[in-house]
K.L.:
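Questions regarding the structure given below will be posed in turn.
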Amino acid sequence: MAKLDNEAYEAELTGLQLALVRYQQAAMESGEKVLIIFEGRDAAGKDGAIKRMIEHLSIRYTRVIALPKPTEVERSQWYFQRYVQYLPAAGQIVIFNRSWYNRAGVEKVMGFSTPEEQEIFLRDVPHFEEMLVESGIKLVKLWLDISRDEQAERLKARREDPLKALKTSPLDDVAQAKWDDYSDARDEMLTRTHSAAAAWRCVVTNKKKIARLNILRHVIGAIAPEKIAERVAKPDPAVLFPFEIAAISDGRLNR
């Protein structure tokens, strides 16, 4: 993975952001609907990637959804109900910074839902997402992966930097202690919810800037018309690649 100097990073980032602006201008006219799901390990870079993605997009037509823990009323609802209200309408781009996949990740590892609820979720979510795609939503699913050592360094930096106080969470302390449990939950989630209609793309995020550029490349390629996408470089397959079961054991996904 080649090094990237700051000037080259900023130049490509600007070009990618311009492509996104051009796409959104067209989408607002055509009424396209886009849903982008960001999942991944704690401190894997979801916030930074999303920030660069939306930096120059329309506030009215772009929404980032990061839901708190469910209320008692929401716990009594159909599991997907609290998310459905945020799905995109015509011309909108909606980004979930963590999503319904909480049930297959943190809820499973921390015991916030029952094994039966987790199994029902894994069984139902491919059908749910297929319905979204059939309704006309362009769905992009991203799993951001990070090494154990890099995660430890980033979590330490969060704790020590007062400006990052709002990014800290009690769950940060568990991320390293339950690393293996999170790995097992990730592997099952990706294996059982990767489909032709709603495929996962995995992103190696140890180098933040390189990861961000590859995420933007992929998103533009996935949602934009050819006249926009053809001007954008393809993602580096060493950084961003389609999920396949072999990635669990061949070193592409961190364990």
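Just so it is clear, the model here is predicted, and its values are computed rather than measured. Side-chain atoms are counted along with the backbone in the values below, which use heavy atoms only and exclude waters and symmetry mates.
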K.L.:
Would you find a donor on one side and an acceptor on the other, under 3.5 Å apart, between the side chain of Asp184 and the backbone of Asp181?
P.N.:
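No: the side chain of Asp184 does not pair with the backbone of Asp181.
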K.L.:
Show me the donor-acceptor pairs within less than 3.5 Å that the side chains of residues 221-233 make with the rest of the protein, sequence neighbours left out.
P.N.:
none

K.L.:
Could you tell me which non-hydrogen atom of Ala185 sits nearest to which non-hydrogen atom of Lys108, and how far apart they are?
P.N.:
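That would be CB-CD, 3.9 Å.
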K.L.:
Does Arg252 qualify as a cation-pi partner of Phe241, given the criterion of NZ or CZ under 6.0 Å from the six-membered ring centre and within 45 degrees of its axis?
P.N.:
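Ring-cation test returns yes.
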K.L.:
For Tyr101 and Trp200, run ring-ring contact (aromatic ring centres under 6.0 Å, His included): C-alpha distance rounded to whole Å, both residues' side-chain angles, the deciding distance at 0.1 Å, then the answer.
P.N.:
CA-CA 12 Å; Tyr101 283 103; Trp200 281 105; 4.8 Å; yes
K.L.:
Given 3.5 Å as the limit, does a donor-acceptor pair link the side chain of Gln85 with the main chain of Arg82, or not?
P.N.:
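Indeed, once roles are kept as given, a pair shorter than 3.5 Å links the two residues.
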K.L.:
To the closest 0.5 Å, what do you measure between CG (Leu4) and NZ (Lys207)?
P.N.:
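The distance works out to 9.5 Å.
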K.L.:
Evaluate the criterion side-chain contact (heavy atoms from CB on, under 4.5 Å) for residue pair Asn97 and Ile65; output intermediate values, then yes/no.
P.N.:
CA-CA 6 Å; Asn97 187 347; Ile65 309 299; over 6 Å; no
K.L.:
Could you tell me whether the side chain of Phe38 reaches within less than 4.5 Å of the side chain of Met53, counting heavy atoms only?
P.N.:
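Side chain of Met53 against side chain of Phe38, heavy atoms only: contact under 4.5 Å found.
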K.L.:
If we only count heavy atoms from C-beta on, is the Leu20 to Leu57 side-chain gap below 4.5 Å?
P.N.:
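The answer is yes, as the side chains (C-beta and beyond) meet within the 4.5 Å cut-off.
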K.L.:
Quiz question: by atom type and distance under 3.5 Å, do the side chains of Gln151 and Gln176 form a donor-acceptor pair?
P.N.:
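Looking only at side-chain atoms, Gln176 and Gln151 do form a donor-acceptor pair, the distance falling under 3.5 Å.
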K.L.:
How would you list, by chain and number, every residue that makes a side-chain contact (heavy atoms from CB on, under 4.5 Å) with Arg75, sequence neighbours excluded?
P.N.:
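Per chain and number, Arg75 pairs via side-chain contact (heavy atoms from CB on, under 4.5 Å) with Pro70, Glu72.
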K.L.:
Would you indicate whether Glu7, at its atom CD, is surrounded by more than 12 heavy atoms from other residues, nucleotides or ligands within a distance under 6.0 Å?
P.N.:
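Counting neighbours around CD of Glu7, 12 or fewer heavy atoms of other residues, nucleotides or ligands fall under 6.0 Å, so no.
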K.L.:
Should Ile93 and Tyr61 be regarded as members of a common hydrophobic cluster, given that ILVMFWY residues are connected when their side-chain heavy atoms come within less than 4.5 Å of each other, either directly or indirectly?
P.N.:
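Looking at the clustering, Tyr61 is in a separate group from Ile93.
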K.L.:
Is it true that the side chains of Gln24 and Thr62 contain a donor and an acceptor less than 3.5 Å apart?
P.N.:
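Per modelled atom types, Gln24 and Thr62 side chains form a pair under 3.5 Å.
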K.L.:
Is there a side-chain contact between Phe96 and Ile36 in this structure, where contact means two heavy atoms from C-beta onward sitting under 4.5 Å apart?
P.N.:
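Not touching, per the 4.5 Å side-chain cut-off.
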K.L.:
When you measure from the side chain of Thr191 to the backbone N and O of Glu188, does any donor-acceptor pair fall under 3.5 Å?
P.N.:
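Pair absent, no side-chain N/O of Thr191 close to backbone of Glu188.
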K.L.:
Between the side chains of Arg41 and Ser183, does any donor sit under 3.5 Å from an acceptor?
P.N.:
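Per modelled atom types, Arg41 and Ser183 side chains form a pair under 3.5 Å.
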K.L.:
Decide side-chain contact (heavy atoms from CB on, under 4.5 Å) for Lys138 and Glu32; before the verdict, give the C-alpha distance in whole Å, the side-chain angles of both, and the deciding distance to 0.1 Å.
P.N.:
CA-CA 8 Å; Lys138 290 187 174 181; Glu32 284 190 358; 3.2 Å; yes
K.L.:
Using 30° and 60° as the class boundaries, would you call the ring planes of Phe121 and Tyr79 parallel, tilted or perpendicular?
P.N.:
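Because their plane-to-plane angle is over 60°, the rings of Phe121 and Tyr79 count as perpendicular.
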K.L.:
Going by side chain to side chain contact (heavy atoms under 4.5 Å, CB included), Cys202 matches just one of Leu240, Leu253, Leu144. Which one?
P.N.:
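The residue from Leu240, Leu253, Leu144 that satisfies side chain to side chain contact (heavy atoms under 4.5 Å, CB included) with Cys202 turns out to be Leu253.
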K.L.:
Assess whether atom OH of Tyr83 is packed by more than 12 heavy atoms of other residues, nucleotides or ligands within 6.0 Å.
P.N.:
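Enclosed.
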K.L.:
So Lys69 and Glu74, salt bridge (Lys or Arg N to Asp or Glu O under 4.0 Å) or not? Walk me through it.
P.N.:
CA-CA 9 Å; Lys69 65 180 183 180; Glu74 288 171 333; over 6 Å; no
K.L.:
When you measure from the centre of the six-membered ring of Tyr9, is the NZ or CZ of Lys209 under 6.0 Å away and within 45° of the axis?
P.N.:
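Yes, Lys209 and Tyr9 form such a contact.
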K.L.:
Quick test of your reading of the model: are Glu39 and Lys141 salt-bridged, counting only N-O distances below 4.0 Å?
P.N.:
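No, Glu39 and Lys141 are not salt-bridged.
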K.L.:
Enter the distance from Ser99:OG to Tyr86:OH here, rounded to the nearest 0.5 Å.
P.N.:
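Separation between the atoms: 13.5 Å.
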K.L.:
Taking atom CD as the centre, does Glu116 end up with more than 12 heavy-atom neighbours from other residues, nucleotides or ligands that are less than 6.0 angstrom away?
P.N.:
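Not more than 12 within 6.0 Å, no.
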K.L.:
Please answer: with hydrophobic residues joined when any side-chain heavy atoms are less than 4.5 Å apart, are Phe112 and Leu67 in the same cluster?
P.N.:
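No: no chain of side-chain contacts under 4.5 Å links Phe112 to Leu67.
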K.L.:
Is a donor from one side chain sitting under 3.5 angstrom from an acceptor on the other, for Glu130 and Ser195?
P.N.:
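Looking only at side-chain atoms, Ser195 and Glu130 do not form any donor-acceptor pair under 3.5 Å.
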K.L.:
Would you kindly say whether Asn214 and Asp236 are connected by a side-chain donor-acceptor distance under 3.5 Å?
P.N.:
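No, no side-chain donor-acceptor pair sits under 3.5 Å.
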K.L.:
Would Met189 and Leu139 show up in the same hydrophobic cluster when neighbours are defined by side-chain heavy atoms closer than 4.5 Å?
P.N.:
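Met189 and Leu139: one cluster.
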K.L.:
Do Trp179 and Asn254 come close enough that some side-chain heavy atom pair is under 4.5 Å?
P.N.:
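Touching, per the 4.5 Å side-chain cut-off.
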K.L.:
With distance as the sole test, does Gln17 use its side chain to make a donor-acceptor pair with the main-chain N or O of Arg52 at under 3.5 Å?
P.N.:
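Between the backbone of Arg52 and the side chain of Gln17 there is a qualifying donor-acceptor contact (under 3.5 Å).
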K.L.:
Out of curiosity, Gln25 CD to Ser58 OG, how far, rounded to the nearest 0.5 Å?
P.N.:
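So the gap between those two atoms works out to 10.0 Å.
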K.L.:
Salt bridge between Glu160 and Lys156, side-chain N to carboxylate O under 4.0 Å?
P.N.:
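Looking at Lys156 together with Glu160, the answer is yes, because their closest N to O distance falls below 4.0 Å.
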K.L.:
Is there a side-chain contact between Val94 and Leu87 (heavy atoms, below 4.5 Å)?
P.N.:
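Of all side-chain heavy-atom pairs linking Leu87 with Val94, none is under 4.5 Å.
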K.L.:
Can you check salt bridge (Lys or Arg N to Asp or Glu O under 4.0 Å) on Glu12 and Arg212, steps first, answer last?
P.N.:
CA-CA 11 Å; Glu12 183 172 358; Arg212 291 168 189 163; over 6 Å; no
K.L.:
Please determine whether side chain to side chain donor-acceptor pair (under 3.5 Å) holds for the pair Asp145 and Trp143, giving the CA-CA distance in whole Å, both sets of side-chain angles, and the decisive distance to 0.1 Å.
P.N.:
CA-CA 6 Å; Asp145 211 56; Trp143 171 266; 2.9 Å; yes
K.L.:
Let's go through Tyr182 and Met110 carefully: what are the C-alpha distance in whole Å and the side-chain angles of both, what is the deciding distance for side-chain contact (heavy atoms from CB on, under 4.5 Å) to 0.1 Å, and is it a yes or a no?
P.N.:
CA-CA 10 Å; Tyr182 274 111; Met110 299 303 296; 4.1 Å; yes
K.L.:
Treating Thr168 as the side-chain partner and Ala165 as the backbone partner, does any N or O pair qualify as donor plus acceptor under 3.5 Å?
P.N.:
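Flag set: sc Thr168 to bb Ala165 pair under 3.5 Å.
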K.L.:
Any heavy-atom pair between the side chains of Leu13 and Leu216 that's under 4.5 Å?
P.N.:
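The answer is yes, as the side chains (C-beta and beyond) meet within the 4.5 Å cut-off.
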K.L.:
Using 0.5 Å steps for rounding, measure from the OG1 atom of Thr193 to the CZ atom of Phe243.
P.N.:
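Going from the OG1 atom of Thr193 to the CZ atom of Phe243 covers 8.0 Å.
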K.L.:
Taking Glu150 first and then Arg154, would you say they form a salt bridge - that is, a charged N and a carboxylate O separated by under 4.0 Å?
P.N.:
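Looking at Arg154 together with Glu150, the answer is yes, because their closest N to O distance falls below 4.0 Å.
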K.L.:
Nearest 0.5 Å, please: how far is CZ in Arg158 from OG in Ser169?
P.N.:
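Between Ser169 OG and Arg158 CZ, I get 8.5 Å after rounding to 0.5 Å.
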K.L.:
When you compare the side chain of Arg201 with that of Pro242, does any pair of heavy atoms fall below 4.5 Å?
P.N.:
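Yes, close enough: below the 4.5 Å cut-off.
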K.L.:
For the residue pair Gln92 / Arg63, report whether a side-chain donor-acceptor contact shorter than 3.5 Å exists.
P.N.:
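A donor-acceptor contact under 3.5 Å links the two side chains.
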K.L.:
Treating Ile, Leu, Val, Met, Phe, Trp and Tyr as nodes and any side-chain heavy-atom pair under 4.5 angstrom as an edge, say whether Met28 and Ile137 lie in one connected cluster.
P.N.:
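In one cluster: no.
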K.L.:
To the nearest 0.5 Å, tell me how far Leu142 CG sits from Ile50 CD1.
P.N.:
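Here the interatomic distance stands at 9.0 Å.
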K.L.:
Are Ile248 and Ile146 connected in the hydrophobic side-chain network, where two residues link if heavy atoms are under 4.5 Å apart?
P.N.:
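No, Ile248 does not connect to Ile146 through the hydrophobic network.
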K.L.:
Distance alone, cut at 3.5 Å: any donor-acceptor contact between the side chains of Trp100 and Asn102?
P.N.:
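No, no side-chain donor-acceptor pair sits under 3.5 Å.
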K.L.:
For Ala44, does its backbone N or O pair with a side-chain atom of Thr205 as donor and acceptor, under 3.5 Å?
P.N.:
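Yes: the side chain of Thr205 pairs with the backbone of Ala44.
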K.L.:
Looking at side-chain heavy atoms only, is the closest gap between Arg148 and Arg255 below 4.5 Å?
P.N.:
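Arg148 vs Arg255: side chains apart.
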